[in-house]
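Here the structure comes first, spelled out in structure tokens, and everything after it is commentary.
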Amino acid sequence: QVQLAEFGGGLVQAGGSVRLTCAASGRPGNMGWFRQAPGKEREFVAAIRRNEPTTDYADSVKGRFTIRRNSAKDTVYLQMDSLRPEDTAVYYCAVDSRNPWQISRADGAYEYWGQGTQVTVAP
């Protein structure tokens, strides 16, 4: 069983930066970030493998967002720079402990989810 706690959301001006933190209990596998804007489906943002620093990013955030993991592999960070109003969403941390060999963009691959943290980007 893995439990997740997210921190770091808030209100920021366009062009600004926010760092999200997700702390996991247990032995988390691959970790990812998803987001859901009002009236939209949840979408993949970024993910990182547990056992090596392989990462994947949605095209909409590539070059602006960076996902990292601490050496203990129980905390993942999402550094979000050059934020845009369209980045406004609830951001969720998730863990996939069943597929260690590849990271997935499908939310169905992740069996543990955090409660979500709101990020609002003002124009």
Side-chain angles (χ1 to χ4, degrees):
Q1 188 75 11
V2 175
Q3 293 183 322
L4 304 171
E6 298 135 336
F7 307 93
L11 174 65
V12 63
Q13 293 292 116
S17 297
V18 166
R19 188 176 83 159
L20 303 182
T21 299
C22 174
S25 66
R27 190 177 186 277
N30 300 338
M31 298 183 74
W33 288 95
F34 289 75
R35 67 186 182 186
Q36 187 167 22
K40 294 188 177 181
E41 293 186 354
R42 186 165 57 191
E43 64 175 1
F44 170 79
V45 175
I48 186 167
R49 279 188 63 184
R50 172 180 175 79
N51 295 325
E52 62 180 51
T54 300
T55 58
D56 188 24
Y57 296 91
D59 289 346
S60 60
V61 307
K62 199 171 295 183
R64 301 187 299 121
F65 291 10
T66 304
I67 187 170
R68 292 186 294 107
R69 196 161 186 164
N70 71 338
S71 59
K73 304 187 189 299
D74 59 2
T75 301
V76 66
Y77 309 95
L78 185 67
Q79 178 66 39
M80 304 189 293
D81 299 320
S82 302
L83 283 162
R84 305 166 180 168
E86 54 264 39
D87 294 317
T88 295
V90 177
Y91 283 73
Y92 297 91
C93 176
V95 165
D96 171 12
S97 292
R98 297 174 294 195
N99 301 289
W101 305 114
Q102 64 182 28
I103 46 181
S104 176
R105 295 187 173 196
D107 59 2
Y110 295 80
E111 69 265 43
Y112 302 107
W113 291 83
Q115 78 285 359
T117 185
Q118 177 71 46
V119 174
T120 301
V121 184

Closest approach of [X] to [Y] (non-hydrogen atoms, all atoms of both residues):
| X | Y | answer |
| --- | --- | --- |
| S25 | P28 | O-CD, 4.0 Å |
| A109 | S104 | CB-OG, 3.5 Å |
| C22 | W33 | CB-CZ2, 3.6 Å |
| D87 | S82 | OD2-O, 4.4 Å |
| G32 | Y110 | N-CE2, 3.9 Å |
| G29 | S97 | N-OG, 3.3 Å |

message: Show, in sequence, the C-alpha distance, side-chain angles and deciding distance for R69 and R50, and conclude whether the side-chain contact (heavy atoms from CB on, under 4.5 Å) test is met.
response: CA-CA 8 Å; R69 196 161 186 164; R50 172 180 175 79; 3.6 Å; yes

query: Per the ring-ring contact (aromatic ring centres under 6.0 Å, His included) rule, which among Y57, F34, Y91 passes with F44?
result: F34

Within a 6.0 Å radius of atom [atom1] on [X], are there more than 12 heavy atoms belonging to other residues, nucleotides or ligands?
| X | atom1 | value |
| --- | --- | --- |
| E52 | CD | yes |
| Q118 | CD | yes |
| R27 | CZ | no |
| Q3 | CD | no |

query: Any salt bridge between D59 and K62, counting N to O under 4.0 Å?
result: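 Salt bridge flag = yes for K62 with D59.
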
Working to the nearest 0.5 Å, report the span between [atom1] of [X] and [atom2] of [Y].
| X | Y | atom1 | atom2 | result |
| --- | --- | --- | --- | --- |
| R68 | R19 | CZ | CZ | 6.0 Å |
| D56 | R49 | CG | CZ | 12.0 Å |
| F7 | T117 | CZ | OG1 | 9.5 Å |
| I48 | T54 | CD1 | OG1 | 8.0 Å |
| Q79 | I67 | CD | CD1 | 12.0 Å |

- prompt: Are W113 and M31 co-members of a hydrophobic cluster defined by side-chain heavy atoms under 4.5 Å apart?
  reply: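 M31 and W113: separate clusters.
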
message: Would you say L83 ends up clustered with V90 if hydrophobic residues are merged whenever their side chains have heavy atoms under 4.5 Å apart, either directly or through other cluster members?
response: no

Side chains of [X] and [Y], heavy atoms from C-beta outward: is any pair under 4.5 Å?
| X | Y | value |
| --- | --- | --- |
| W101 | N30 | no |
| E111 | D96 | yes |
| Y77 | N70 | yes |
| L20 | E6 | no |
| M80 | V12 | no |

query: So, the side chain of N99 versus the backbone of I103: is there a donor-acceptor pair under 3.5 Å, distance only?
result: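 Judged by distance alone, no pair lies under 3.5 Å.
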
query: For V121, does its backbone N or O pair with a side-chain atom of T88 as donor and acceptor, under 3.5 Å?
result: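 Yes; judged by distance alone, with no hydrogens or angles, the pair exists.
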
- prompt: Given D107 and Y92, is the side-chain contact (heavy atoms from CB on, under 4.5 Å) satisfied, shown in steps?
  reply: CA-CA 11 Å; D107 59 2; Y92 297 91; over 6 Å; no

- request: Quick one: do V61 and R35 satisfy side-chain contact (heavy atoms from CB on, under 4.5 Å)? Show the steps, please.
  value: CA-CA 12 Å; V61 307; R35 67 186 182 186; 4.0 Å; yes

- prompt: Hey, mind stepping through Q115 and L4 against side-chain contact (heavy atoms from CB on, under 4.5 Å) and telling me if it holds?
  reply: CA-CA 8 Å; Q115 78 285 359; L4 304 171; 5.9 Å; no

